[in-house]
Amino acid sequence: MPIATVNPASGETLKTYDALGAEEIGRRIATAAEAFATYRNTTFGDRAVLLGRAAELLEEDEKDIARVMTTEMGKPLAQARAEAAKCVKAMRWYAARAESLLADEHPSAVDVEDSGADRARVVYRPLGVVLAVMPWNFPLWQVIRFAAPALMAGNVGLLKHASNVPQTALYLEDLFRRASFPEGCFQTLLIGSGAVEGVLRDPRVAAATLTGSEPAGRSVASIAGDEIKKTVLELGGSDPFVVMPSADLDEAARTAVTARVQNNGQSCIAAKRFIVHESVYDDFAQRFAEGMRALRVGDPMDEETQVGPLSSEQGRTDLEALVEDAVQKGATVLCGGLRPEELGERGWYYAPTVLADVTDAMRIHHEEAFGPVATLYRVPDLDAAVRLANDTPFGLSSNVWTRDEAEVARFARDLEAGGVYVNGMTASHPAFPFGGVKRSGYGRELSGHGIHEFCNATTVWQRD
Ligand code: NAP
């Protein structure tokens, strides 16, 4: 894939970049390793000042960087601004809390004595140079949610961003430089995916985190496994959105629309499968389809737009293939199911779509629909809802709508996912761990869990 900014709203190539050669990549890794040797000894206070300054700069840049993101991957402008603001919040959150999250731990006196020590503690030390392979869909947020905790823990970062967001990738490197992080603490490598293996196998690189598709995750994890290096994987999702009889149907249907089409439907934690109790199915289906049909699809730079284009032509082709397969096998199209004709040939638009009568014979039942396409299922009871919600290779998050506390307890216990959001939609927050199980990956980002992923928990055992 060429490293280029191609506007998804027009298909126009705006800027292309040459990929770094092997020699330059080696030089950058050396710079990162040198930076780590000194940066690891800075205090939490020093790092908090640097990250705080980066947050301030990003806040000032919010409008400009939002336009860059929208130009590169097509999300509506207001959502791009909100993404930048969320990054600022996460940076401040980690700047303020990293020291206490990584404070030394002191085992109980009984355990210390039992181990034969006079004193013992656990200290958290950084791992070193961490490679981050990141996707285009939240081009700022995905990187910041890795970089903020990693830098606060004393690690340094190498970013291999998706090839279609090079300007955002370069902006990030520049942001950390302007904030006065020492040279080499955060570098962007403009490289294709084929060059990732060489970076990952370099002995100066300690670990990797990847957010993206299953094939990319499998490849990076295999190489890292071969090298015995730590990885965190944040992969795809096909989150259930379960509606039970006691739900507030109006609010559930309204939220369902947002949960499905946020970021033009290209979010790992978007609700994708809508599983509805039969007693409220018809009512919910009607409101949901009406809401999806009413969305304003169009130029993402227009403040009125709610759904922009898909990020690439390939992305739209893949989505169309999933819908065609389902329709051929008997799915009913409640709305959408085609390209919006009124927008013409330019841009990779797809109409918000709701498919009913979906069965497990259809690809869309098992695969992630990365665009504004929802599947609807009717279930007779709670057991069937739980079974269907778990009938997916993925396990990222889940949404359930009910006022029945016994049902909430059952979902919280039995849904195979990294999150259970009750009467609301999944949204990441710095304070809560984020990540999945099954084919959605492993490891956690955000919260105390996220900052511990790239630390060496070291036992210091001592006799006087
Ligand atoms: P992708 O094709 O896997 O790309 C993600 C990143 O991996 C890009 O930087 C890409 O580089 C690189 N890459 C691709 N193949 C690789 C390989 N074989 N070895 C090393 N690196 C490789 O994913 P995408 O289509 O851009 O993003 C969408 C996917 O990401 C969806 O499945 C979505 O659910 C998932 N996602 C998950 C989360 C989460 O937190 N769980 C968040 C956002 C997105 P190039 O661009 O150069 O190919």
Side-chain angles (χ1 to χ4, degrees), residues 1-6 8 17 19-20 72-75 83 131-146 158-166 168-169 172 188-201 205 208-224 231-239 262-272 310-319 322 367-371 392-397 417-419 426-428 432-446 450 453:
M1 198 191 286
I3 300 176
T5 297
V6 183
Y17 296 80
L20 298 182
E72 293 203 298
M73 52 67 65
K75 72 175 64 200
E83 181 175 338
L131 170 66
V133 182
M134 291 288 144
W136 46 264
N137 62 341
F138 292 93
L140 212 52
W141 170 244
Q142 305 289 0
V143 178
I144 292 297
R145 79 180 185 187
F146 144 73
L158 286 175
L159 169 65
K160 181 272 179 273
H161 216 326
S163 292
N164 58 335
V165 290
T168 311
L172 281 155
T188 289
L189 304 177
L190 288 186
I191 54 175
S193 57
V196 167
E197 177 165 3
V199 178
L200 193 45
R201 288 199 188 276
V205 173
T209 178
L210 178 138
T211 300
S213 62
E214 221 180 303
R218 187 179 298 114
S219 167
V220 163
S222 314
I223 298 161
T231 48
V232 167
L233 296 185
E234 296 285 2
L235 308 181
S238 190
D239 292 358
Q262 57 171 333
N263 213 41
N264 306 339
Q266 302 162 119
S267 168
C268 52
I269 47 164
K272 292 174 184 131
L310 297 189
S311 74
S312 69
E313 190 164 21
Q314 188 59 49
R316 182 172 66 175
T317 305
D318 293 346
L319 189 68
L322 276 187
E367 297 178 32
E368 180 183 29
F370 219 52
T392 170
F394 301 106
L396 196 50
S397 189
T426 301
S428 53
F432 302 128
F434 182 94
V437 294
K438 296 160 76 177
R439 297 218 165 191
S440 292
Y442 51 73
R444 289 292 178 268
E445 294 193 288
L446 302 176
E453 289 286 1

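We count ligands from 1, going down the list as the structure has it; atoms in each ligand are counted the same way. Computed from a prediction, not measured in an experiment: that's the story for all the values here. Position 1 is the first residue of the sequence; numbering continues from there.
- The residue among Ser213, Ala162, Ala270, Ser312 with a heavy atom at the shortest distance from atom 3 (O) of ligand 1 is Ser213.
- Looking at ligand 1, you won't find any N or O of Val220 less than 3.5 Å from one of its N or O atoms.
- Residue Gln142 has no N or O atom closer than 3.5 Å to an N or O atom of ligand 1.
- Residues Phe394 and Leu235 are not in side-chain contact: their nearest non-hydrogen atoms beyond the backbone lie 4.5 Å or more apart.
- Here Ile3 has no heavy atoms under 4.0 Å from ligand 1, in either its backbone or its side chain.
- Residue contacts with ligand 1 for Leu396 involve side-chain atoms from C-beta outward but no N, CA, C or O (heavy atoms, distance under 4.0 Å).
- The side-chain contact (heavy atoms from CB on, under 4.5 Å) with Lys160 is formed by just one residue from the set Val199, Val196, Leu190; it is Val196.
- Annotation: Arg316, atom CZ; neighbour count of heavy atoms from other residues, nucleotides and ligands within 6.0 Å is above 12.
- Ligand 1 lies less than 4.0 angstrom from a heavy atom belonging to Phe434.
- Among Leu190, Val133, Thr211, the residue whose heavy atom sits closest to atom 5 (C) of ligand 1 is Thr211.
- Looking from atom 9 (O) of ligand 1 to the surrounding protein, the closest heavy atom is Met134 O, 2.8 Å.
- Ligand 1 lies less than 4.0 angstrom from a heavy atom belonging to Arg145.
- Of the heavy atoms in Glu197, none comes closer than 4.0 Å to ligand 1.
- For atom 25 (O) of ligand 1, the closest non-hydrogen atom of the protein is Trp136 NE1, 3.7 Å.
- For atom 45 (P) of ligand 1, the nearest non-hydrogen atom from the set Ser163, Ser219, Gly237 belongs to Ser163.
- Here the heavy atom of the protein found nearest to atom 10 (C) of ligand 1 is Lys160 CE, 4.2 Å.
- Of the options Ser193, Gly192, Pro2, the smallest heavy-atom separation from atom 13 (N) of ligand 1 is shown by Ser193.
- Among protein heavy atoms, atom 37 (C) of ligand 1 sits closest to Leu235 O, 2.9 Å.
- In terms of polar-atom proximity, Ser267 is not counted as a contact of ligand 1, lacking any N or O under 3.5 Å from an N or O of the ligand.
- Atom 15 (N) of ligand 1 has its closest protein heavy atom at Ala216 CB, 3.5 Å.
- Protein heavy atom nearest atom 31 (C) of ligand 1, with residue, atom name and distance: Glu368 OE1, 3.5 Å.
- Scanning the protein heavy atoms around atom 35 (C) of ligand 1, the nearest turns out to be Gly212 O, 3.3 Å.
- Ranked by closest heavy atom to atom 38 (C) of ligand 1, the top entry among Cys268, Gly441, Ser238, Pro135 is Cys268.
- The shortest non-hydrogen separation linking Arg439 to Glu214 is NH1-OE2, 2.6 Å.
- For the atom pair OG of Ser428 and CZ of Phe138, the computed distance is 8.0 Å after rounding to the nearest 0.5 Å.
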